[in-house]
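Below is one structure, written out as structure tokens; the observations come after it.
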Amino acid sequence: MIITKLYGSMVFDDKTMQEWLPKEIYREMKRCIANDLPLDLDTANVIANAMKEWAVDKGVTHFTHWFQPLTGITAEKHDSFITPAKGGGVLMEFNGKELIKGEPDASSFPSGGLRATFEARGYTAWDPTSPAFIKDGILCIPTAFCSYNGESLDKKTPLLRSMEVLNKEGLRLLKLFGRKTERLSAVVGPEQEYFLVDTSAFEKRKDLFFTGRTLFGARPTKGQELNDHYFGAIKPRVVAYMKELDEELWKLGILAKTKHNEVAPAQHELAPIYTTANVAVDQNQLTMETMKKVAAKHGMTCLLHEKPFEYLNGSGKHNNWSLQTNFGHNLFNPGKSPEDNAQFLLMLAAVIAAVDTHQDLLRISVASASNDHRLGANEAPPAIISMYLGEELTGILQAIADGRTYSKRAKCDVQIGVHVLPTFAMDSADRNRTSPFAFTGNKFEFRMPGASQTIADVNVVLNTIMAEQFRLFADELEKAEDFNEGIAKIIKRVMNEHGRILFNGNNYSKDWENEANRRGLLNLRTTIDALEHLCDDKNVKFFKDMGVFTEVELRSRQETSVEKYCKEVSLEATTMLDIAQKDIVPAALIYKKDISTSALNALQAGIPAEVEVALATRIEALIKTANQAIDNLRTELEAAHKFGLGFEGGKHYVNKVIPAMDSLRAICDELEFNVAKSYWPMPNYSDVLFSVH
Ligand code: ADP
Ligand code: MG
């Protein structure tokens, strides 16, 4: 099929709606969406019917309300369109009620105690701003998922609320600039990293199979030292995979655009063209799902874990984020007139104040057991939040704050609202690749999210912290006697109070950690350290004031996240014990026995056997240490289980279980070095990393 035909063929998008909906219904739907009004049932009935007709035309028999519970992945429950017809036979039916609201049994989804067990039901509500689509022959309706009391049980509801408040406060501010903007939206383009390995190798690694990452594995002979993978030629099997993946994504209306190899062997990246935040979140979930599905068809397994392999780069997901008006104007574009510049500088000030004030929330939004392995590992930003603007923009803002004229290149002086900004060169050479939050020309790139994470959480935080600054700025500027002076005053205050968050240097260096500490920036090293701050008074008040989370909702999220952390580490520890006890130690014992036998035979025949004896002795010593490490891990894991799935348990995992896992791994990797390959019970790193030819 030609690409233009293929694109969006499985989406009930705007174009399809115009084709399938009566004109007045289409118009009514657009009006309701634009004004956040509920659809009346008659209109919903017509839309549901058109959706069904369109889907049935493509062979679809079932529909589902597709939602994103707190697990961070997606959920669906399928119902068929089939209804018994009077006088026998069946009809294919789908009505407005079914479109707008669903009632999945919510009891098996995490709620952090939000939903009392006697009220296990939640409901799903259609999000008409994200288009319905067909996946695996099923019509999927994107929905939000709430409890009967209206508390959010999902990732989407707070995102929609954050977009609402951002729009509201943003419009207030833009109005002061005389803009006629009707809608302000956050737009997002996530760059998704992933690994591809051959499924036969994957299945022979219990650790990869059960936990998504290797829990053992000696350093491979060849890693990423030669830097020959990045942008290198893509292997034919991978080319075929990428082609099919692109096509599947295009059908779903996802504009997969760039694809290339990444730094580590077997690592790749895919980036779509950016779109409205809630659609981008939905699309990224679909992208991850499609990546795995298409890989399976090619005999490969797609790994989205943040750190599948030690010694190699992990996988992240850069969240490119900017703010756009309904006229397509990007607020992070400097623009050409003095008014544009003033607005642009004020936007930068808003981001600086927002990021500094809520460093903790940004850190928390990317916290997970798996991402802990990546952050600060000299390949990804540290756990410290800072912001990169580049020397020139930093200089301009500082000059305004100091009441000086800006004259780095003696190009011009900057006075808000009077002069045009110097055109600053934002070429890629200028970029800082180590910054967790970098301005890259006309957008901010948040680089801390992990590859497997939903990007809902980070965008909820970004939108809400920005909305707060817009609110504060608008409050102030609405009262200002002189508008431009008011702006200069805000910039000055922001630079004085929050300028510490700006850092243009190397974020991977040890010096920065010390410097950040001196500046009083937060360094929340682990997920547990970070999550402990989620329900600080400041955050409860903030989210409540902004209308994004109630206190109960926030607490439920804290609880489910800690629980998830504990469960994930527990699963890893359990898997390690299983592999070490049942596979690694037995394999090493057999190897030792065989060497000992051959030593014995040699000695009986009067042949020297020094090497065998030395090797068998070394292996014996290693096995003994491994056994101790196994016992130690088991003891710590049992203790963790006793502490439960809250912070007490979480801390025990951080302080005791993970170090015990590290020790066990170290000794087993040492064994791997010493035991003959033919005896080793699983494929080694090289086997897995170079399994796709
Ligand atoms: P880079 O090379 O700087 O990472 P790319 O052009 O490869 O940039 O884009 C990376 C991602 O950023 C893509 O998903 C792209 O759609 C997205 N992106 C580009 N411009 C914007 C913007 N103004 N707002 C949000 N995302 C954007
Ligand atoms: Mg990038």
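One-based numbering, in listed order, for ligands and for the atoms of each. Remember, it's a predicted structure, so these values are computed and weren't measured experimentally. In what follows, every heavy atom counts, from backbone to side chain, and hydrogens, waters and symmetry copies are set aside.
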State whether [X] and [Y] are salt-bridged, where the test is any N-O pair (Lys NZ or Arg NE/NH1/NH2 against Asp/Glu carboxylate O) under 4.0 Å.
X	Y	value
Asp372	Arg363	yes
Glu248	Lys251	yes
Lys30	Asp14	yes
Asp136	Lys293	yes

Margin query: Hydrogens and angles aside, do Thr440 and Lys443 bring a side-chain donor and acceptor to less than 3.5 Å of each other?
Written below: yes

Notebook entry, point to check: Thr440: heavy atom below 4.0 Å from ligand 1, yes or no?
Noted result: no

Note to self: Check this for me - ligand 1, Tyr274, N or O atoms closer than 3.5 angstrom, yes or no?
What the structure shows: yes

Using a 4.0 Å cutoff against the non-hydrogen atoms of [X], which atoms of ligand 1 qualify?
X	answer
Ile273	16 (O)
Asn330	23 (N)
Glu191	4 (O), 10 (C)

Kindly identify the option in [options] whose heavy atom sits closest to [atom].
atom	options	value
atom 15 (C) of ligand 1	Ala271, Pro272, Pro190	Pro272
atom 24 (N) of ligand 1	Gly189, Ser322, Ala438	Ser322
atom 17 (C) of ligand 1	Asn333, Leu323, Leu331, Asn320	Asn320

Note to self: If we set the cut-off at 4.0 Å for heavy atoms, which region of Lys257 has an atom near ligand 1: side chain, backbone, both, or neither?
What the structure shows: neither

Item checked: From Asn284 atom CG to Ile455 atom CD1, the distance as rounded to the nearest 0.5 Å -> 4.5 Å

Next item on the list: Quick one: sort the Phe133 and Trp66 rings into parallel, tilted or perpendicular, breaks at 30° and 60°.
Entry: perpendicular

